[in-house]
Amino acid sequence: GENVEQHPSTLSVQEGDSAVIKCTYSDSASNYFPWYKQELGKRPQLIIDIRSNVGEKKDQRIAVTLNKTAKHFSLHITETQPEDSAVYFCAAGSGSARQLTFGSGTQLTVLP
Amino acid sequence: EAQVTQNPRYLITVTGKKLTVTCSQNMNHEYMSWYRQDPGLGLRQIYYSMNVEVTDKGDVPEGYKVSRKEKRNFPLILESPSPNQTSLYFCASSPRAAANYGYTFGSGTRLTVV
């Protein structure tokens with residue numbers, strides 16, 4: 001089955017700096033890569049996703065890049081703000097898989 | 001509003017007393033799933049359902065039951081809860097029974113078994 005590894009487990013950045021979270025996956029059949037943000041005490045919410053037919057996708061201050069050859073994908077947050085502080089989860093899946101496989105999460109702290 | 005609704009949000013119960021956590025979605029999604037979230041262990045899937053009357057075990061199914069009699073509802077049943085089932089539970093749904101669509105999560109149920 002699929003295995004997703006996520007790094008780092010914790011990340012602290014100064015407000016205004018950029019943050020990068022990286023994930024690797026094992027199953028070459030995976031073709032869908034979503035990212036979820038979970039604020040303290042709240043539900044995980046989908047913030048951006050990418051499919052394997054594109055290499056990069058942007059939405060305002062967040063972007064995701066995908067390298068299918070190396071089997072890794074990354075979340076980039078620019079101009080970080082205190083409200084970006086949360087746990088971020090990556091995931092991987094495919095049309096033939098029965099479930100998304102989640103990474104272990106990254107606690108991002110944006111210091112004012 | 002499109003949403004996944006879980007109830008209750010908080011529940012404290014005693015060991016062995018059967019309980020049900022309800023989950024309902026109003027998006028006509030085919031796929032529904034239950035996760036538990038514990039510190040340091042991320043999101044672990046308990047059970048999932050590909051459609052009505054089609055359910056299967058996830059990664060940590062022991063001690064849990066589910067049913068999918070209607071498309072919109074997917075209750076989680078703990079027939080004899082134990083303290084190691086104290087956790088934060090999330091229901092999730094997805095448009096299709098394939099893992100290439102995003103999940104919509106419910107608000108969560110914080111369960112404490114004493």
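Predicted model, so just to flag it, every value in this text is computed and none were measured. Every chain is numbered from 1 and lettered A, B, ... according to where its sequence line falls, protein lines coming before strand lines.
- For chain B, the option among A:Ser94, A:Gly93, A:Ser30 with the highest count of heavy-atom pairs below 4.5 Å is A:Ser94.
- A:Ser28 is listed as a side-chain neighbour of A:Lys71, based on a closest heavy-atom distance under 4.5 Å.
- The contact between B:Tyr103 and chain A is made by backbone and side chain atoms together, counting heavy-atom distances below 4.5 Å.
- Neither the backbone nor the side chain of A:Pro34 comes within contact range of chain B; no heavy atoms are under 4.5 Å apart.
- Across B:Gln25, B:Lys71, B:His29, B:Arg72, a single residue satisfies side-chain hydrogen bond (donor to acceptor under 3.5 Å, both in side chains) together with B:Ser93, and that is B:His29.
- For chain B, no part of A:Gln6 is nearby; none of its heavy atoms comes within less than 4.5 Å.
- Judged by distance alone, the side chain of A:Glu2 and the main-chain N or O of A:Ser26 form a donor-acceptor pair under 3.5 Å.
- When hydrophobic side chains of Ile, Leu, Val, Met, Phe, Trp and Tyr are connected at separations under 4.5 Å, A:Ile48 ends up clustered with A:Val4, A:Leu11, A:Val13, A:Ile21, A:Tyr25, A:Phe33, A:Trp35, A:Ile47, A:Ile50, A:Val54, A:Ile62, A:Val64, A:Leu66, A:Phe73, A:Leu75, A:Ile77, A:Tyr88, A:Leu108, A:Val110.
- Seen from the ring of B:Tyr101, A:Arg51 counts as a face-on cation partner, given the 6.0 Å and 45° thresholds.
- Heavy-atom distances place no part of B:Gln6 under 4.5 Å from chain A, backbone and side chain included.
- Contacts between B:Phe105 and chain A at a heavy-atom distance below 4.5 Å involve backbone atoms as well as side-chain atoms.
- Ranked by heavy-atom pairs shorter than 4.5 Å toward chain A, the options B:Gly42, B:Gly102, B:Gly40 are led by B:Gly102.
- Looking at A:Asp49, there are no atoms closer than 4.5 Å to chain B (heavy atoms on both sides), in backbone or side chain.
- Under a 4.0 Å N-O distance rule, the pair B:Lys69/B:Glu53 does not qualify as a salt bridge.
- Residues B:Phe74 and B:Tyr48 place their aromatic rings such that the two centres sit no closer than 6.0 Å.
- Of the atoms belonging to B:Ser107, heavy atoms from both backbone and side chain fall under 4.5 Å from chain A.
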